[in-house]
Structure formats: C-alpha cells, structure tokens
Amino acid sequence: MTDILTLRTRIKAPAEQVFAALTGSSALQSWLAEKAEVDLDAGRYTFGGRFTPQGGGGQRLTAAEPGRRLAFEWTLDDQPTTVTLDLTSTDLGDTALVLTQDHTPTLDELMNPPGRRDGLHAMHTFWPLALANLAAYVEGRELTPKADFSPTRSLKINVTFSVDATPADAFASLIDPLAVERWFGWKPEIEARPGGRMAVGVDGRIFEFEPGRRLGYGDDEGSIVHWELEGSGGKTHLTFVQSGYTETDDAARHEAGWLAAFAELKRLHELGDDWQPLITELPAKSDDE
C-alpha cells in the first residue's frame, strides 16, 4: 500500500470553528465517532467505537496548530499511517480543508483487495462520510447516519434518512441519470421502468417501480437494493436496504460509501441549482513522491 489519499472540501465556517470541531471531544462524538478523548495540551487525541474502522483507538497526536493544522498517527491493519488535516481561511471567511492519509491502498488493491477490508481499505469511504458530517455539524445542518463498523453488525445495509423534497422529487433524483451522477459520484446506466437496467451500486434489473413510493432492483447473484419513500412534514423520509453481502465483502465499507453519497443527495435537494460537490478526491500520489 503506497498511495496517499487526498480529499479536499470547503466548509462555510471560519477555520477556528472548524478546528474546534476537529479537536473537541463532544464535537467528535457528534460527527465522527462513538467515543473520543482529546487533550491537546497533554498530546492526547483518540477516537473509536462502532462507527470507526477496526474499533479505532490508539491514535497518537503529532501536530496541532489552532486554525491551521491537525495531524495524528493511526495504526490500521498493523500499519502506522499519518492523517493530516490542513485548514486555510478563504477570502469569503470559509475554510478550505485538505485531508491526506499515507500508506493507503492503490487503485488495483481497492478493486482486488488482499486480506482484510475493514481498515485501510475503508478509508476511501470512511473519510468522505466523516468530512460530509463535519461540514454539516459546523454549518448547523442535519447529519447523515454513520456507518457501523462493529464486528457483529448485520451483513445487510439498512439506513433511514430525510431530504428536503416531496416524495415525487426525491424519487426522481433516484432515477434521473444526471441527478444520480451528482450524488452517487459515478455515471449510471438507468432504464427507468419495470424490467429496465439499473446500475447504481448494483448492476441489475428493476423489479419494483412505484414513483414516489418504492424502487427495487437486483442482479442475478443475489444483490438487491430496495428504496421506500414516505412524505411527512415537508420532507421525504427514505429507507435504503441493500442485501446480498457475504462475510468477505465487508458491508461496513460499502455502507460508508453509500452514506457519503446520501449526504450529497441531501445537499442536492437543499441547495438545488447552487449544488457543488462537497468532497473532491485528488489524484492519488505515491508515498515516495
């Protein structure tokens, strides 16, 4: 594993406020982890619990410059890695944040993961979800549910969240290729009709198609995606279920990826024409560069 993961985002808050959210124990327990303990003066920075790959814990603070930089060492898969978050104030008073983590998997390793998949292989989905929730926390918006990385979790993904839209509009954003490409991050193939092809997370056929209420599709290998929509209080509550994972698939890693996408789906409905991707992954660099 020789690549450096690099993610960039922009948060509508001053850098000092973002730094406080990165270094406050109670704040971390809101947007990042089940448990957190931070004492910068004592050099202590740890987080963990069921929302953290491999349970977390054991992090070691290496740098803390208020409003500018936070860095810590985190051992995953018995491999020490360094996570660095650099903050820069913009002319508009926002914060440009760049997260890097070294010793992460190459693209070939992500596509054909050797060994465990619940540690370093989860970073490409864990961090986009975490940063999306960091932005929501600091900006005062509703957070997206966190992924469950506990070893006893279900092999099924089952998530409920809400968007600011009618059921008809929310359903449309699940089947319109241009909308799906925005929140899912990949160009999909969609034939929006019963029996039509649906390649969003699962490359299969639509077996349930009820606009504004239900959408279901699956492949021939037992992977099934099912959506339920219900309108209430000016919002639409969506329940997403995906089944068909096995012990070796590591559902948590995929769940984090879906949840990061759902954070963008929420923003898509909140911002409308003003929507821009919140998280950008920069081209991977080798640790030797």
Side-chain angles (χ1 to χ4, degrees), residues 1-9 22 28-29 31-36 45-60 71-85 99-134 143-159 184-186 201-202 223 240 242-264 278-282 284-285 287:
M1 298 185 184
T2 59
D3 277 358
I4 298 175
L5 173 67
T6 304
L7 301 173
R8 180 173 59 193
T9 188
L22 290 169
L28 288 170
Q29 290 175 66
W31 67 266
L32 179 64
E34 183 180 24
K35 305 171 184 176
Y45 189 89
T46 64
F47 58 87
R50 65 191 181 97
F51 304 131
T52 308
Q54 297 181 350
Q59 295 87 5
R60 184 177 67 85
F72 56 92
E73 186 178 277
W74 185 4
T75 298
L76 292 159
D77 302 332
D78 299 321
Q79 167 71 59
T81 71
T82 298
V83 179
T84 303
L85 297 104
L99 178 148
T100 61
Q101 183 172 8
D102 61 12
H103 294 92
T104 53
T106 63
L107 178 60
D108 286 343
E109 289 172 326
L110 285 172
M111 299 304 293
N112 300 284
R116 297 185 66 169
R117 306 183 183 190
D118 62 342
L120 287 168
H121 281 84
M123 295 297 99
H124 284 76
T125 56
F126 172 77
W127 281 122
L129 173 60
L131 292 181
N133 272 334
L134 168 63
L143 274 65
T144 303
K146 304 178 186 70
D148 184 357
F149 285 90
S150 59
T152 57
R153 63 152 293 142
S154 169
L155 294 179
K156 180 185 295 186
I157 298 175
N158 192 329
V159 178
F184 189 65
W186 295 86
V202 171
S223 293
F240 170 90
Q242 184 176 12
S243 58
Y245 288 108
T246 67
E247 294 286 352
T248 59
D249 287 327
D250 189 53
R253 176 170 58 101
H254 295 282
E255 182 173 79
W258 276 112
L259 288 166
F262 298 162
E264 286 289 18
L278 178 63
I279 311 295
T280 302
E281 181 171 348
L282 302 184
K285 292 184 178 180
D287 289 333

Just verifying a value: how many Å separate T9 OG1 and L85 CG, rounded to the nearest 0.5 Å? 11.0 Å
F47 side chain near K35 side chain, heavy-atom distance below 4.5 Å: no
Rounded to the nearest 0.5 Å, how far does CG of L155 lie from NE2 of H254? 11.5 Å
With sequence neighbours excluded, tell me which residues meet side chain to side chain donor-acceptor pair (under 3.5 Å) with S223. none
Which residues satisfy the side chain to side chain donor-acceptor pair (under 3.5 Å) test with T280, sequence neighbours excluded? none
Before you tell me yes or no, could you show the steps for F240 and F262 under ring-ring contact (aromatic ring centres under 6.0 Å, His included), namely the whole-Å CA-CA distance, both residues' side-chain angles and the distance that decides it to 0.1 Å? CA-CA 10 Å; F240 170 90; F262 298 162; 5.1 Å; yes
The reported gap from CD in Q59 to OG1 in T82 (rounded to nearest 0.5 angstrom) is 12.0 Å
Between E34 and K146, is there a salt bridge with N-O shorter than 4.0 Å? no
Using the ring of each side chain (for Trp, its six-membered ring), is W74 parallel, tilted or perpendicular to W127, with breaks at 30° and 60°? perpendicular
Can you find a side-chain donor-acceptor pair between T81 and Q101 that sits under 3.5 Å? yes
The reported gap from CD1 in I4 to OG1 in T104 (rounded to nearest 0.5 angstrom) is 7.5 Å
Residues Q242 and N158: side-chain donor-acceptor under 3.5 angstrom: no
